Asks: 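Before we start, here is the structure in question, set down as structure tokens.
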2 protein chains.
Amino acid sequence: MDAVSASEDQVFAALASPVRREVLRLLRDGGPQPVRKLAGNFAMARPSLSEHLRVLREAGLVTERKEGRERLYRLEAVPLTEVQQWLSPFERFWRDRLTGLRDLLDRLDDEGQDDEREDRDEREEHGQEEERR
Amino acid sequence: MDAVSASEDQVFAALASPVRREVLRLLRDGGPQPVRKLAGNFAMARPSLSEHLRVLREAGLVTERKEGRERLYRLEAVPLTEVQQWLSPFERFWRDRLTGLRDLLDRLDDEGQDDEREDRDEREEHGQEEERR
DNA sequence: GTGACAGGTAGGAGATTTCCTACCTATAGT
DNA sequence: ACTATAGGTAGGAAATCTCCTACCTGTCAC
């Protein structure tokens with residue numbers, strides 16, 4: 001009942017810590033790593049990192065494998081789909097926002113490299129945009 | 001300068017609470033709403049929800065607007081792009097995973113027991129570089 | 001065997017979160 | 001003016017989080 005449950009709550013809670021997000025990034029970029037190597041990236045004592053790893057493990061975001069006297073921690077990305085799925089119904093709202101005229105003016109400079117659907121402007125349909133001026 | 005900071009840390013921390021995620025969902029589906037209406041969806045006392053709203057406000061995820069004696073809270077989805085941006089480099093990892101043969105098989109065989117994906121370890125081969133067997 | 005090293009677990013201190021009840025101001029209606 | 005309503009803030013209790021220092025087991029090397 002641990003390490004594979006990956007409930008939405010657990011995943012979001014695990015991601016709330018910058019340390020744990022960094023661990024996931026390290027595992028993503030560096031492949032499976034032993035605890036000591038991961039700990040080298042942080043100021044905290046090694047057992048503290050172990051606890052962060054436990055949180056990640058219980059959220060299903062990492063798995064460990066014994067390798068000699070080390071334990072290799074490895075990224076398990078699948079539970080992150082919970083986040084993506086939670087996020088996706090919001091997507092059209094920030095698209096609306098980012099392509100809106102006001103925001104366009106606000107951020108002329110970082111508007112150049114995004115994708116290029118121009119289909120916005122069905123804003124204002126849930127009453128969600130009923131104020132601006 | 002408070003409703004627009006939207007640091008990654010604040011956004012992730014705000015999303016860590018199921019209550020706050022639900023508030024965002026309610027605002028997304030129901031449009032801007034006064035505090036009392038939002039509070040009706042939860043068992044907690046109204047001032048407690050006010051604090052959750054403050055956290056969301058400080059993360060830039062909602063804004064408020066005075067409307068008579070009410071305050072309409074409104075979803076601000078843009079800071080959620082921080083989450084999406086953090087997430088996107090992980091995408092290929094779960095894609096790899098979900099389209100992998102072994103996981104397909106795993107999935108078929110625990111399709112009936114829902115929350116108990118058993119251990120079935122020892123399957124590495126591509127995902128994480130520097131992985132040998 | 002002994003020693004050195006990897007890493008988990010225990011217990012605790014201090015900070016933070018999450019809830020509460022009381023209380024405050026501001027607005028609307030009479 | 002007075003009363004009722006909306007909602008923020010204060011202060012505190014309890015739970016949880018995050019870090020620490022011990023301490024424990026398991027494995028490699030000799």
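Note that the structure is a prediction, hence the values are computed from the model and not measured. The analysis underlying the following values was restricted to heavy atoms, covering all of them including side chains, and did not include hydrogens, waters or symmetry mates. Letters A, B, ... are given to chains in the order of the sequence lines, protein chains preceding strands, and every chain is numbered from 1.
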Asks: Between B:Lys66 and C:dT27, is there a side-chain N or O to OP1/OP2 distance below 4.0 Å?
Replies: yes
Asks: Cut-off 3.5 Å, side chains only: do A:Arg65 and A:Tyr73 have a donor facing an acceptor?
Replies: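 Looking only at side-chain atoms, A:Tyr73 and A:Arg65 do not form any donor-acceptor pair under 3.5 Å.
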Asks: Let me confirm one number: the CG-CG distance from A:Leu87 to B:Leu15, rounded to the nearest 0.5 Å.
Replies: 8.0 Å
Asks: Using modelled atom types only, decide if a donor and an acceptor are shared between the side chain of B:Glu82 and the backbone of B:Ser7 within a distance under 3.5 Å.
Replies: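 Not at all, since once roles are kept as given, no pair shorter than 3.5 Å links the two residues.
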Asks: Base, sugar-phosphate, or nothing: which does A:Arg36 touch, judged by heavy atoms less than 4.0 Å apart?
Replies: base
Asks: Remember a base hit wins even if backbone is also touched, and classify B:Glu67 as base, sugar-phosphate or nothing at under 4.0 Å, heavy atoms.
Replies: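 Counting heavy atoms under 4.0 Å across all strands, no contact is made by B:Glu67.
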Asks: Does A:Tyr73 put a side-chain nitrogen or oxygen below 4.0 Å from OP1 or OP2 of C:dA6?
Replies: no
Asks: Could you state the atom-to-atom distance from CD of A:Glu70 to P of C:dA6 in whole Å?
Replies: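 To the nearest whole Å, that distance equals 7 Å.
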Asks: DNA chain D: A:Met44 or A:Arg71, which has the more 5' nearest nucleotide?
Replies: A:Met44
Asks: Do NZ/NE/NH1/NH2 and the carboxylate oxygens of B:Glu67 and B:Arg71 come within less than 4.0 Å?
Replies: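 No salt bridge links B:Glu67 with B:Arg71.
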Asks: Do you know which two heavy atoms are closest between A:Val11 and A:Ala59, and how far apart they sit?
Replies: CG2-O, 3.9 Å
Asks: Taking the side chain from A:Gln33 and the backbone from A:Gly31, do they hold a donor-acceptor pair closer than 3.5 Å?
Replies: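 Yes, the answer is positive, given that a donor and an acceptor are paired below the 3.5 Å cut-off.
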Asks: Mark yes or no for whether A:Glu64, through its side chain, and A:Arg74, through its backbone, hold a donor-acceptor pair below 3.5 Å.
Replies: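 Between the backbone of A:Arg74 and the side chain of A:Glu64 there is no qualifying donor-acceptor contact (under 3.5 Å).
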Asks: Using heavy atoms to find the nearest nucleotide of DNA chain D for B:Glu64 and A:Ala43 separately, return the residue whose nucleotide is more 5′.
Replies: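 Between the two, 5'-proximity favours B:Glu64.
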Asks: Quick one: how far along DNA chain D does chain A reach, first to last nucleotide 5' to 3', anything under 4.0 Å to a heavy atom?
Replies: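 Range of nucleotides within reach of chain A: D:dT18 to D:dC28.
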Asks: Specify the residues of residues 45-54 of chain B, ordered by number, for which at least one heavy atom lies under 4.0 angstrom from an atom of DNA chain C.
Replies: B:Ala45, B:Pro47, B:Ser48, B:Glu51, B:His52
Asks: Tell me which donor-acceptor pairs under 3.5 Å the side chains of residues 35-52 of chain A have, and how far apart each pair is, sequence neighbours excluded?
Replies:
| from | atom 1 | to | atom 2 | distance (Å) |
| --- | --- | --- | --- | --- |
| A:Asn41 | ND2 | A:Lys37 | O | 3.2 |
| A:Asn41 | ND2 | A:Leu38 | O | 3.0 |
| A:His52 | ND1 | A:Arg20 | NH1 | 3.1 |

